Protein chains: 2
Amino acid sequence: MKLNKKVEYALMALKHFSELDHQEGTVQSTVSAKDIAEANHSPAEVTARVLQTLSSHGILKAEYGLHGGYRLVKDLAKVSVYDLVNIIEGSTDLAKCISDKECDLLKKCKIVSPVENLNKKVQNFYKSISVEEVFHV
Amino acid sequence: MKLNKKVEYALMALKHFSELDHQEGTVQSTVSAKDIAEANHSPAEVTARVLQTLSSHGILKAEYGLHGGYRLVKDLAKVSVYDLVNIIEGSTDLAKCISDKECDLLKKCKIVSPVENLNKKVQNFYKSISVEEVFHV
DNA sequence: CAATATCCGACTAATTTTGTCGCCTTTTGT
DNA sequence: ACAAAAGGCGACAAAATTAGTCGGATATTG
């Protein structure tokens, strides 16, 4: 039931981007992975990987080169916690058995549908919360 | 964000108990840890431990001896998913830092209150779902 | 008093999470 | 042209957590 570090780093990074104020009509400047990591005291390599993942999913946009880095390109009001966790962790399933075709136990067990039921409720809940909403306490 | 095995075993066990039909006004018969484990194909020792935990928290009642075992003594409509996870896992915190006084990172980081905020929302959600509700798909 | 239960501490094994390293490609400034 | 700074990515190593096992103690019943 815990958030993992990568999701935390992603949240920290997104918060960093969301706090950059930038002029109306201008393009927000880029921030390098290194700078994000330093600002958040998060390990550089891991942070870089997280940013790459966010970039490959269209939340950030990456730019190569000397003054490269990342830029926020998606409205965080339109990114749900569900989206974020799926992007970073790859799944929001409550139990492995839900996607696991080889689970002997759960084929026999009586709780597959109850767990699937709970799973849907939880996922819908996470879908209902945007990242922006999380930041505005 | 995943349920761990112990919680799954607990759900399976509770479902087992909830399906024992028993006469109005009579005491529900006991089921041993061994029987529960066999019925659910769950490892005996771990299952036993889970049942002990449920027992020490007043959800089941244990009886020693030859015809001993466990008996459901709490209305599952009054046990929330939040309760269950807390009993089995000891915590429902989304991030370690929330209870961890020694987290250097999070003292400096910008997302403690956002994460606490999200944490409360999630916990309230889990409080709103009873175990009985999970079983009645 | 033997059989069958729960109870519980300590331990091991397996898995997952977390972080690191090395090397690659792309872009920019000099 | 080319060095420096940036992202991209596969493979690996370390740490932490989760899952499961073992041994023995206590309680109850026939």
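Being a predicted model, the structure only gives us computed values, none of them experimental. Proteins get letters first, then strands, A, B, ... in listed order; numbering begins at 1 in each.
Phosphate contact (OP1/OP2 of dA4(D), side-chain N/O of H67(A), threshold under 4.0 Å): absent. Checking the phosphate oxygens (OP1, OP2) of dC7(C), a side-chain nitrogen or oxygen of Y70(B) falls inside 4.0 Å. Here Y9(B) reaches the OP1 or OP2 of dG20(D): one of its side-chain N or O atoms lies under 4.0 Å away.
Here the side chain of D35(A) pairs no donor or acceptor atom with the backbone of V31(A) at under 3.5 angstrom.
The distance between atom NZ of K2(A) and atom P of dT16(C), rounded to the nearest whole Å, is 18 Å. Per the geometry, NE2 belonging to H41(A) stands 15 Å off P belonging to dG19(C), to the nearest Å. As a whole-Å value, the separation of E63(B) CD from dA5(C) C1' is 10 Å. Regarding L60(B), its CG atom lies at a distance of 14 Å from the C1' atom of dC7(C), rounded to whole Å. Between the CG atom of N4(A) and the P atom of dT18(C) there is a distance of 5 Å, rounded to whole Å. N40(B) places its CG atom 17 Å from the C1' atom of dG20(D), with the value rounded to the nearest Å. In this entry the distance linking CD of Q52(A) with C1' of dC24(C) reads 12 Å, nearest Å. The distance from atom NZ of K6(B) to atom P of dG20(D) is 10 Å, rounded to the nearest whole Å.
Taking a cutoff of 4.0 Å between a charged side-chain nitrogen and a carboxylate oxygen, E19(B) and K15(B) qualify as a salt bridge. Salt bridge annotation for E133(B)-K121(A): present, with a cationic side-chain nitrogen under 4.0 angstrom from a carboxylate oxygen. Salt bridge status for K6(B) with E89(B): absent, with no side-chain N to carboxylate O gap under 4.0 Å.
Summary of the strand contacts: S56(A) and G65(A) both lie near DNA chain D, and taking for each the nucleotide with the nearest heavy atom, the more 5' one is attributed to G65(A). Residue-to-nucleotide proximity on DNA chain D shows that, of G68(A) and V46(B), the 5′-proximal contact is made by G68(A). Summary of the strand contacts: A44(A) and S32(B) both lie near DNA chain C, and taking for each the nucleotide with the nearest heavy atom, the more 5' one is attributed to S32(B).
Minimum atom distance to the side chain of E45(B) is reached by dT21(D), of the listed dT27(C), dT21(D), dT6(C). Across dA4(D), dA19(D), dA3(C), the shortest atom-to-atom separation from the side chain of L66(B) is found for dA3(C).
Residue-level contact check: A48(A) touches neither bases nor backbone, having no heavy atom under 4.0 Å from any strand.
For R49(B) against dG9(C), a side-chain N or O and a base N or O form a donor-acceptor pair under 3.5 Å.
Using a 4.5 Å heavy-atom cutoff, the side chains of Y82(B) and N124(B) are not in contact.
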